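Heads up, the thing below is written out as C-alpha cells.
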Amino acid sequence: MITPRLPMAKVIPADRTLVTLLGSLCLLQAATGVNWSIYFAFGGFFLAAKLGLSVAEVALLVSSSFLAYCVVQFGASLVVDAGVRLVGLRAMLLRSPILYGVGMTLIVLGPNATTVVVGGALAGLGAATLPLMLATISARTSKNSSSKMASLLGVSYLIGQVVALAAGWLLVNNADSHTGFFGLCAMWAVVAAVLLVTLWPGSTTDGPEAPLTNAFVGQVRTSFGALWRSLGDPSTRALKFIILIAGVAPVLVGIYIPLYLIGLVNDQGRSASYIAASTALGYLIGGISTPLLGTYTDRRRNAPGLMLAVLGFVAVVALTLSRTRDPLEVSVLAVALTVGGQWLNVLQNTIMLLEVPRERATTFFAANQLPFYGGLPLGLGLGIGAVGL
C-alpha cells in the first residue's frame with residue numbers, strides 16, 4: 001500500500017519547496033479551468049468554422065466529445081491508484097498535461113468530427129488528477145489548514161475560467177477563435193515543462209512503490225482491493241452521495257440555464273449578455289469568497305455542518321430558479337448557484353483532507369472522487385434530456 005513519502009529537497013528550504021509544489025499544482029488546476037471554459041464557451045465558434053457544421057451539429061459534437069472525455073476519465077480514475085503504486089505520483093501527475101495536450105492538438109488539427117471525439121477521449125486519459133493533488137497536499141500540510149488548501153485549488157480553477165472567458169470573448173469578437181484553440185496546445189506544453197521541473201525526482205514527490213517488474217498483477221489487484229474497501233467505507237457514504245450531486249449538478253446547470261435564458265429572451269444579444277454577466281459575476285464572487293470560506297472553516301472546524309447549510313442553500317436556489325420566468329431573476333439565481341457550487345466543492349475537499357488516513361491517501365481520494373467522475377456523464381445525459389423536453 002502506498003505511503004506518501006514526498007522527501008524534501010536537500011538544497012531548497014522546506015517552505016520554498018512547499019510553495020513551489022503548491023504553485024505547480026495550482027498551475028495545473030488553472031490550466032484545466034482554461035481548457036474547459038474555452039472549449040464550452042467558444043468551442044462552437046471554432047468547430048463550426050473548422051468543419052462547416054450547423055449549430056445543432058456543433059452542439060451534438062461538443063456534447064459527444066465531452067461525453068467521451070467523461071467516460072474515459074471515469075475509467076482513468078479507477079486505475080489512478082494502481083498507477084501511483086506502479087510508476088509513482090510524479091509520473092501520474094505528469095501524464096495529465098501531456099495527454100491533455102495530445103487530446104487538444106487532435107481536436108484542433110483533426111480533419112473531421114471523429115477526431116474531435118477521439119481527442120476528447122484522450123484528454124480523459126489525462127484527467128482524474130484531483131485525487132493525486134489532494135494526496136500530495138495532505139502529505140505535506142497540516143490538517144488544520146485543510147480548507148485553506150482546498151480553497152487554493154478552487155480559486156486556481158476559477159482564475160483559469162475567468163482568464164479563458166475574457167481571452168475567448170476577445171478572440172471571438174475579432175473573428176479569431178482558432179487562435180485560442182492553438183493556444184491551448186501551447187499552454188499544455190508549458191504546463192508539462194513546469195511540472196517536469198518542479199516535480200523532479202527527489203525534490204517533491206515520491207517514485208513508484210515497487211519496480212514495474214515486481215508483481216505487476218499483484219500491485220493492480222492490491223490497488224483494486226483497497227479501492228473497493230474504501231468505496232464501501234460507511235463513514236464516507238454521505239460524503240460520496242454529495243460528491244455525486246456535485247458531479248451531476250454543474251453539467252446540468254451549464255446546459256440548462258443558458259438554454260432556459262435563451263428561451264425566455266427572444267433577443268439573442270440580450271440572452272447572451274445575461275449568460276455572460278451571470279457567469280462572470282458568479283466566478284468573481286466565488287473567487288473572492290472561497291478563500292474567506294476556507295479561513296472561516298479552518299477556524300470553526302465545522303466543515304460538515306457548513307456543507308449541510310450550503311447544500312440546503314443550493315437546493316432552495318435551484319427550486320426557486322425552476323419556478324422563475326424573469327430573465328434578470330434567473331441570472332441572479334444562476335450567480336447564487338455558481339457560488340454555492342464552488343463552496344460545496346471546497347467543503348467536500350476539506351472534509352476529505354480532514355478524514356484521509358495518511359497511510360493510504362491516494363486510495364482514499366481516488367475512491368471518494370469516483371462518484372464525481374461518474375456524475376459528470378450522468379449530468380450530461382440528464383442535461384441533454386432536459387433540453388429535449
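The first residue of the sequence shown is numbered 1, and numbering continues consecutively from there. Computed from a predicted model, the values in this text were never measured in an experiment.
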What about Tyr39 and Leu67, same hydrophobic cluster or not, with Ile/Leu/Val/Met/Phe/Trp/Tyr joined at side-chain heavy-atom distances under 4.5 Å? yes
Whether the side chain of Lys240 engages the backbone of Pro371 through a donor-acceptor N/O pair (distance < 3.5 Å, no angle test) should be reported. no
Taking atom types as modelled, is there a side-chain donor on Tyr157 or Gln29 under 3.5 Å from an acceptor on the other? no
Heavy-atom side-chain contact between Leu353 and Lys143 under 4.5 Å: no
Can you list the steps and then say if Thr324 with Asp326 is a side chain to side chain donor-acceptor pair (under 3.5 Å)? CA-CA 6 Å; Thr324 302; Asp326 182 86; over 6 Å; no
Test of understanding: clusters of I, L, V, M, F, W, Y form through side-chain heavy atoms closer than 4.5 Å, transitively. Do Tyr296 and Leu152 belong to the same one? yes
Side-chain heavy atoms of Val80 within contact of Arg95, under 4.5 Å: yes
Kindly determine whether Tyr373 and Gln73 satisfy side chain to side chain donor-acceptor pair (under 3.5 Å), including the steps that lead there. CA-CA 7 Å; Tyr373 298 135; Gln73 176 184 236; 4.9 Å; no
Is the closest basic N to carboxylate O distance between Arg85 and Asp81 below 4.0 Å? yes
List the steps and the verdict of side chain to side chain donor-acceptor pair (under 3.5 Å) for Ser331 and Ser278. CA-CA 5 Å; Ser331 298; Ser278 61; 4.8 Å; no
Return the orientation label for the Tyr69 and Tyr100 ring planes: parallel under 30°, perpendicular over 60°, tilted otherwise. tilted
Under a 4.5 Å side-chain heavy-atom rule over Ile, Leu, Val, Met, Phe, Trp and Tyr, are Val330 and Val314 clustered together? yes
